[in-house]
Number of protein chains: 2
Amino acid sequence: MVTLADVARHAGVSASTVSYVLSGKRSISTATRERIQHSIDALGYRPHAGARALAGGRTSILALMMPLRTGLYLPVMMEIAMAVTTTARAHGHDVLLLTGEEGPEAVRRVEGSALADGMIVMDVELDDPRLPLLREAERPAVLVGLPADTTGLDCVDLDFAAAGARCVEHLASLGHRRLAVLGEPPAVYARGTGYAERTLAGIRAAAAAHGLDLLHRPVDGTYGAVAAAVTRIFEERPGTTGLVVQNEAAVEPLLAVLRHQGRAVPEDVSVVALCPDQVAAHASVPLTAVAVPARDLGRIAVERLVARLRGEDARGPELLAPHLTVRAGSGPAPTAPGDARGRD
Amino acid sequence: MVTLADVARHAGVSASTVSYVLSGKRSISTATRERIQHSIDALGYRPHAGARALAGGRTSILALMMPLRTGLYLPVMMEIAMAVTTTARAHGHDVLLLTGEEGPEAVRRVEGSALADGMIVMDVELDDPRLPLLREAERPAVLVGLPADTTGLDCVDLDFAAAGARCVEHLASLGHRRLAVLGEPPAVYARGTGYAERTLAGIRAAAAAHGLDLLHRPVDGTYGAVAAAVTRIFEERPGTTGLVVQNEAAVEPLLAVLRHQGRAVPEDVSVVALCPDQVAAHASVPLTAVAVPARDLGRIAVERLVARLRGEDARGPELLAPHLTVRAGSGPAPTAPGDARGRD
DNA sequence: TTGAAAGCGCTAACAT
DNA sequence: ATGTTAGCGCTTTCAA
């Protein structure tokens, strides 16, 4: 193994000079810097991560706590992880992958064993058991998500309330008067992750403001569950012409069910999705959607964390403004209400 | 920070004794062990990872190189990553997440900086540029996938040839004579990942052995691409009654297209999938499928890597036997060939 | 069964 | 602008 001492000897300088060339923490004459750099290249030197961590107190590693709930299949999570990893690399950091299942213990491990310089926590619950530890921790953390109490924490998330409202406003502007929401699976609401409720609140507020009729149904992302929910919706509210879906897995089943029931999108029913843009854009009918900006969330989380590592203070929660992209899935409310026999 | 020295002092023993209690590398009297353990708990001691890595030459970290190709369909990858992480933890290791995009450089980094004790490499190409480095590396590696030359490498993968054959045999046994394959996107074949070709080879061999007619179409996992492919298939081979789909993303679009064309599954067309069981089981028609055993692959990869770290030799490639689960999507070939006017 | 002590490779004062 | 040196916290000979 090539050590810093080897490089120093090869370049005819002291170890500290080599170290300072690497860190840039003090000025070095161009001549020696180049000589040292040459030795580094010639010997193929790489600093030993463990030695660095021990001596310098920095690991150049960011921990990422990711929910690995089996069965929950989540392109969003994956995309965030991707963005975190590439952004971290761009800032000279590596990423240590932790499962959310380990809970608070993972936080203790990272802290106690100095495994990482800071952590990014995904899938934060409103009253997450990891929060107290994170608040006390030596190392900074950035949450992707919005807990109930954000005191002393850095958080990034989509403004789901505004996103929900945006969906409703789009449908309202197209003349739809009767809407239904296909929400996340019941388990998500039960778990208290917050974003589902925030979305719903935004949707309800906007619907109320526009005087719209609204029905909300949590659904599992299976064809059967979606079919049942859709059928009931049209039974209970025959005049429904606008649907909002907040459930990646339900998007395609929903379109299949509508097709099967002979409801044309967007002629009979307009559909607006709240999901990653990719999912909406590549659906069997490209859907108008408010994007969940997974990549941005991951990137911003890392940028904030890196800023904290540079000594900046926590900036509190940051909610990203929603962006709606109009696609083929939404259009004007039908004027001759084909399905609206039961209306009123 | 609580150090090993603190624990030693608190317990009234030497540092080495504490170290040996932790590692179990020499026998300690029960009395002192308990005293030390008590001190460890009382002080909340955690060994410093960097110091350990430096002194012991072991990081207790496994590197996982994961393809983060945006747009590449990911649940399988995600599931493997999950299994890797949980299995690694069960063996006392953490996981460092690397992007495949970094290529060979990532291997050099892990090696040169001693970031991990070994690595697991996913998404291996037939002639992967990382292979030469991995062969020479000090630290062991396990590949998930099967490169062209496996000399000196540990690999785990599904036996895709057998899996493909299994799909065909199932359809043959149900009396289907004319089959079509919806394969991975063209890009996957182009990239030379191997498994797609191996599957196809297995399918072709089995079809030949049973004297079956066969058509193969790579497809992108979008509704449009699938619709076009399916339409062409039935135009070119009107008597087709069996479909094999090896493309997670195409499963739901395929079923939608068939529904839309009025072809009942399995009455008119039987569909067999080669994808994670979850996807097949939760499709709008539960599909008969050969499962891609993502969890097993991840788990076995870690187990092999850990074995290597204990000093065991590479065992070469291990191909998991395919398992087919029969579900609603496949049934006997239609006897009154509704669509078979063009047959022969 | 336990202790003492020499590093592991690097960083960051403290010198010059 | 560069060198000297004292650790960082742990593992592991070597000794007892």
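Labels below follow one simple rule: chain letters A, B, ... track the order of the sequence lines, proteins then strands, and each chain is numbered from 1.
- A residue-by-residue look at A/Ser23 and B/Ala15 shows that B/Ala15 has its nearest nucleotide of DNA chain C further toward the 5' end.
- Taking only side-chain nitrogens and oxygens, A/Arg52 comes nearer than 4.0 Å to OP1 or OP2 of C/dT11.
- For B/Lys25 and D/dT11, the shortest distance from a side-chain N or O to OP1 or OP2 is not below 4.0 Å.
- For A/Thr32 and D/dA1, the shortest distance from a side-chain N or O to OP1 or OP2 is not below 4.0 Å.
- Atom-to-atom, CD1 of B/Ile40 to C1' of D/dG9 comes out at 14 Å; the value is rounded to the nearest Å.
- The listed nucleotides are D/dC10, C/dT2, C/dC10; the one nearest the side chain of B/Ser29 is C/dT2.
- Listed nucleotides: D/dG3, C/dT2, C/dC10. Nearest to the side chain of A/Tyr45: C/dC10.
- Taking 4.0 Å as the cut-off between side-chain N and carboxylate O, A/Asp149 and A/Arg135 count as a salt-bridged pair.
- Using a 4.0 Å cut-off, some side-chain N or O of B/Thr17 falls inside it from OP1 or OP2 of C/dG3.
- Atom-to-atom, NE2 of A/His48 to C1' of D/dC8 comes out at 14 Å; the value is rounded to the nearest Å.
- Side chains of A/Met1 and A/Arg46 form no contact here, defined as non-hydrogen atoms less than 4.5 Å apart.
- In this entry the distance linking NE2 of A/His10 with P of C/dG9 reads 18 Å, nearest Å.
- Within 4.0 Å of B/Ile28, counting heavy atoms only, lie sugar-phosphate atoms of the nucleic acid but no base atom.
- The separation between A/Leu4 atom CG and C/dG7 atom C1' is 16 Å, rounded to whole Å.
- B/Asp6 has its CG atom 13 Å from the C1' atom of D/dC10, to the nearest Å.
- Contact annotation for B/Thr3: backbone-only contact, meaning every heavy-atom pair under 4.0 Å involves sugar-phosphate atoms and none involves a base.
- Classification of A/Arg308 and A/Asp117 as a salt-bridged pair fails, no side-chain N sitting under 4.0 Å from a carboxylate O.
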*Walk me through it: do B/Ser19 and B/Ser16 pass the test side-chain hydrogen bond (donor to acceptor under 3.5 Å, both in side chains)?*
CA-CA 5 Å; B/Ser19 178; B/Ser16 63; over 6 Å; no
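- Computed from coordinates, the A/Arg46 CZ to C/dC10 C1' distance equals 17 Å when rounded to whole Å.
- Side chain of B/Ser27, nearest nucleotide from C/dC10, C/dT1, D/dC10: C/dT1.
- Counting heavy atoms from C-beta outward, A/Leu309 and A/His93 have side chains that approach closer than 4.5 Å.
- Of the candidate nucleotides D/dT2, D/dT11, C/dG9, D/dT11 has the atom lying nearest to any side-chain atom of B/Ala55.
- A straight line from CZ of B/Arg26 to C1' of D/dA16 spans 11 Å, rounded to a whole angstrom.
- Look at CG on A/Leu54: it is 9 Å from C1' on C/dC8, rounded to the nearest Å.
- The phosphate of D/dG3 has OP1 or OP2 within less than 4.0 Å of a side-chain N or O from A/Ser14.
- Where B/Tyr20 and B/Gly50 each meet DNA chain D at their nearest nucleotide, the meeting point lying more 5' is that of B/Gly50.
- Within the nucleic acid shown, A/Val18 has no heavy atom closer than 4.0 Å to any nucleic acid atom.
- Annotation: side chain of B/Leu143 is not in contact with side chain of B/Asp154 (no heavy-atom distance under 4.5 Å).
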